[in-house]
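A short write-up of the structure that comes next.
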Amino acid sequence: MRLPNKTCAMGATIARINDGDTVMVGGFGVPGTPMTLIHALVAHGAKNLTIIKNDANEPGMGIDHLLRAGLVKRLITTHLGLNAHAIGLMNAGKIEVEFNAQGILAERIRAGGAGIGAILSDVGIDTELAQGKQIVEVEGKPHLVETALRADVALIHADRADPFGNLGYVATARNFNPVMAMAAKCVIVEAEAVVPLGALPADAVQTPGVFVDHVVALETLTEEYAVVER
Amino acid sequence: MRLPNKTCAMGATIARINDGDTVMVGGFGVPGTPMTLIHALVAHGAKNLTIIKNDANEPGMGIDHLLRAGLVKRLITTHLGLNAHAIGLMNAGKIEVEFNAQGILAERIRAGGAGIGAILSDVGIDTELAQGKQIVEVEGKPHLVETALRADVALIHADRADPFGNLGYVATARNFNPVMAMAAKCVIVEAEAVVPLGALPADAVQTPGVFVDHVVALETLTEEYAVVER
Amino acid sequence: MIARAALEIESGMTVNLGIGLPTKVIDHLPSHLEVCLHTENGMSGIGPTLPSDRADRNLIDAGGAYVSTVPGSAFFDSVTSFAMVRSGRLDLTMLGAFEVGANGDLANWKIPGKFSPGVGGGIELAQKARRVVVLTTHTDRAGKPKLKTECSLPLTARGCVARIFTDMAVIDVGPEGFELVETAQGVSSADVAAATGAPLRIPNTALPSF
Amino acid sequence: MIARAALEIESGMTVNLGIGLPTKVIDHLPSHLEVCLHTENGMSGIGPTLPSDRADRNLIDAGGAYVSTVPGSAFFDSVTSFAMVRSGRLDLTMLGAFEVGANGDLANWKIPGKFSPGVGGGIELAQKARRVVVLTTHTDRAGKPKLKTECSLPLTARGCVARIFTDMAVIDVGPEGFELVETAQGVSSADVAAATGAPLRIPNTALPSF
């Protein structure tokens, strides 16, 4: 027995993304954002996308390229504070934006990846984020039904991968990548290094390859991955 | 700034367990079962305990010692197949047993550790495990409300720990330990090795020390940790 | 029957082999097959079972057997393990059975008053794997059929079983109930029908045997 | 005020410092203090902020500042990070504010029509940390009080604030509203009361100043 090989060329995998798809994109700010896969998606040009990402990066970076290319219909996110361009599109009604509490967005994605229908949480129950949500009592206390999120495709950035799709992340570039890598029908990973099977110790795997469909090796890291001068 | 030091002597930590407490115990079979902490609990003698553990180990091993000492009132578990003694106590009405589907037990504990009130799941909805559970519809489909589990104390076995309580596990000794280490008011860890702060790479930590209250170094490994001859 | 069941596993699959008979399928998988074996207690990429003198005390499968790694194995915790199961990442699971209904219902965890050790991971495997096949003796120790019109024992999951491998036959669960697919060497279709506790559809064409 | 707020952090605590003013508290913590700083994007044990020429491109805090590790730092994913927050593992969080109500209500994420970038991790920090303190200027840019009988802006969480550190005073939120605890050097109790948009209980005894 050997484990299947899931390495492939980037173009072929991104071509699976269709108009109207829901796409999860890893990253919190620059770290962990799959910059190269995002550029490939812009080039591919699938439209009317629903994007699920913690933030909208900064103007001219990351998923802001998808916004500028007019490919995004709806954005499910937690905070757009660093991207005035995205806030402008939202205020002008050019994209729909759904805000979630950050940990609840993470849990909703995790629920999708864990095959759970929803979680019951009291986070934000006193706030306007509770509006329109079903309420269920647990042990006498009201909780919001926070439904699971799943996607057609997840775009993941990893530090290292083996050909089966076992992944490792580095520092705060981990963030939403491990949960998103569980929660999509098709999980596409860009990895800074693709190492041979067996080179990642079994105890050190952070996302098991069972969740991963395609692994793309990054040949170069563009300027977008670098430290941002502020 | 330095991180707090949580190493301590075993007796002092186990003495915090009171009659009537709920105690989570890591492990799936022998691997990951905190054999030494269990013996300390038997010696301490707290009674009417509710124990949450995947299984009841085998006769004369692990939590079977708690059963034999008559300290257990209730057992929340998934499978007792390897412990005929535990099944006998259950059938004789000497302990209450609540069975959960294995992944649902893990998720209920995780929900407790993640500060979530419950999860909504359709697992076992066609079976007798659904009896008595509240049903909530999510997107038109019925789901069971699986409430969060928390404990007064969690007994955890780790391969390695640093003084702040950052943990690493090995092989299939990981199992329920990481979620239980999130879900108790007081988390007590026995570690095969306690290494200096900084010796565990920040990317390799499997349970962050933020969740951990006390770290006890194992000086010897008893026979109970060894390969079982069958 | 175990060798025949092993043919059900195709390249590229992620597979969970249940405790008991199904675990033995591992010895019949060809070495070139690209497959990932999963076990509930937290491992993907299971390698061969080891005798106790070569065993790692920390490396078991869900049945308690000492197993080994292959290049690319990964360890994870119990929540992650069942996240894989429930979110549909298992292409196939092979399970044991006390009873299988002609509607695909499976009962394999409890005999009230006799045997009730708890369900373990069985419900989630049966309900959530993309394809569920059963490996079982065709009849119980008393010679009574395990394949029945309806299960009488507490269910593990409804309508989950796609195919059954027994010592007598390979049987599919179709929209109209049990359908004979193959017979064991020396076993006739009539033998299989006689040992089955529900109507058995037998095709007019000659059946392969195994 | 930042140095004064830093005294709120005691040995043994796990603390989250919110974006903005609170983050600056880190520069005022004594080196012998045994404390664990947490950031929402997935790190415990935050070390000093680094200039961009020494920064690690993969190591930021939730505000986007390049930070560093200390011996014993750990990285984790976003779900684990908020599991810590929601399950009560933060002893203390220090947050910024647009408004604080005399009942402890906090508004710090949205000014309808002007500023609504999303709430990020703020709700969970405010609702779930064991103790929530606020660092803010006593009045807004127009000189209007930020401490009010009731918040007029959309809430972050109800009744969560225990103590407020401003450029003028330290104020507790007690069962009967704002209570003056300390004043800044050169600021009188009357000055503080005049700049506060709700009744302020002033003790009869002399107050410390900072």
Side-chain angles (χ1 to χ4, degrees), chain A residues 1-8 24 107-119 148-152 154 158 160-168 178-187 194-215, chain C residues 6 9-17 25-40 42-49 56 58-59 67-92 123-125 127-130:
Chain A
M1 274 177 303
R2 289 176 303 153
L3 294 173
N5 184 329
K6 301 172 182 174
T7 54
C8 59
M24 289 178 180
E107 283 290 330
R108 292 180 67 194
I109 296 166
R110 186 193 171 277
I116 290 166
I119 62 163
L149 289 172
R150 281 189 65 83
D152 298 294
R160 51 203 182 273
D162 70 20
F164 180 59
N166 291 311
L167 308 182
V179 276
M180 289 181 171
M182 298 163 68
K185 276 180 236 162
C186 176
V187 175
V194 175
V195 300
L197 266 187
L200 296 179
D203 277 323
V205 169
Q206 291 169 341
T207 288
V210 167
F211 289 116
V212 171
D213 296 286
H214 305 292
V215 176
Chain C
I9 298 177
E10 293 167 17
S11 224
M13 282 184 166
T14 299
V15 179
N16 182 294
L17 300 174
V25 169
I26 193 171
D27 299 327
H28 294 269
L29 297 178
S31 61
H32 66 270
L33 197 70
E34 293 199 339
V35 64
C36 174
L37 297 181
H38 166 271
T39 182
E40 300 95 285
M43 182 185 188
S44 54
I46 305 174
T49 305
D56 176 342
N58 288 311
L59 183 39
V67 293
S68 56
T69 57
V70 298
S73 292
F75 297 117
F76 33 83
D77 64 11
S78 296
V79 279
T80 305
S81 187
F82 282 94
M84 292 172 183
V85 175
R86 285 189 310 266
S87 68
R89 285 285 173 186
L90 290 189
D91 299 294
L92 178 70
I123 288 180
E124 283 155 297
L125 291 169
Q127 191 176 333
K128 298 295 188 180
R130 286 170 187 237

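Chain identifiers are assigned alphabetically (A, B, ...) following the order of the sequence lines, protein sequences preceding nucleic acid strands; residue numbering begins at 1 within each chain.
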(request) Report yes if the side chains of F211(A) and S87(C) come closer than 4.5 Å at any heavy-atom pair, otherwise no. (result) yes

(request) Determine the minimum heavy-atom distance between F164(A) and G72(C), stating which atoms define it. (result) CD2-O, 4.4 Å

(message) Quick check on L29(C) against chain A: is it the side chain, the backbone, both or neither that has a heavy atom closer than 4.5 Å?
(response) side chain

(request) Specify the closest pair of heavy atoms between L3(A) and G45(C), including all atoms of both residues, with the distance to one decimal. (result) CD2-CA, 4.1 Å

(message) So P208(A) and M84(C), do their side chains get closer than 4.5 Å, heavy atoms only?
(response) yes

(request) Can you measure from CD1 (I116(A)) to CZ (R86(C)) and round to the nearest 0.5 angstrom? (result) 5.0 Å

(request) Please name the pair of heavy atoms, one in E34(C) and one in P4(A), separated by the smallest distance, quoted to 0.1 Å. (result) OE1-CA, 3.4 Å

(request) Pick one of side chain, backbone, both or neither for P48(C), based on which atoms fall under 4.5 Å of a heavy atom in chain A. (result) neither

(request) Could you look at D162(A) and say if it's the side chain, the backbone, both or neither that has a heavy atom under 4.5 Å from chain C? (result) side chain

(message) Could you check whether any side-chain heavy atom of V187(A) comes within less than 4.5 Å of a side-chain heavy atom of R89(C), counting everything from C-beta outward?
(response) yes

(request) Below 4.5 Å from any heavy atom of chain C, which atoms of K6(A) appear? Answer side chain, backbone, both or neither. (result) neither

(message) If I measure from the heavy atoms of chain A, does L90(C) come under 4.5 Å with its side chain, its backbone, both, or neither?
(response) neither

(message) I'd like to check the side-chain hydrogen bond (donor to acceptor under 3.5 Å, both in side chains) partners of T14(C); sequence neighbours left out, ordered by chain and number.
(response) none

(message) Between V35(C) and chain A, with a heavy-atom cut-off of 4.5 Å, which part of the residue counts as in contact: side chain, backbone, both or neither?
(response) both

(message) If I measure from the heavy atoms of chain A, does T80(C) come under 4.5 Å with its side chain, its backbone, both, or neither?
(response) both

(request) Hey, could you give me the CG/CZ distance between N166(A) and F76(C), rounded to the nearest 0.5 Å? (result) 9.0 Å

(request) Considering only heavy atoms and a distance below 4.5 Å, find which of L197(A), V210(A), N5(A), D203(A) pairs most often with chain C. (result) V210(A)

(request) Would you mind checking which part of A111(A) comes under 4.5 Å of any heavy atom in chain C, side chain (CB onward), backbone (N, CA, C, O), both or neither? (result) neither

(message) Nearest 0.5 angstrom please: S31(C) OG to R2(A) CZ, how far?
(response) 8.5 Å

(request) To the nearest 0.5 angstrom, please state how far the CG atom of L200(A) sits from the OG atom of S73(C). (result) 11.5 Å

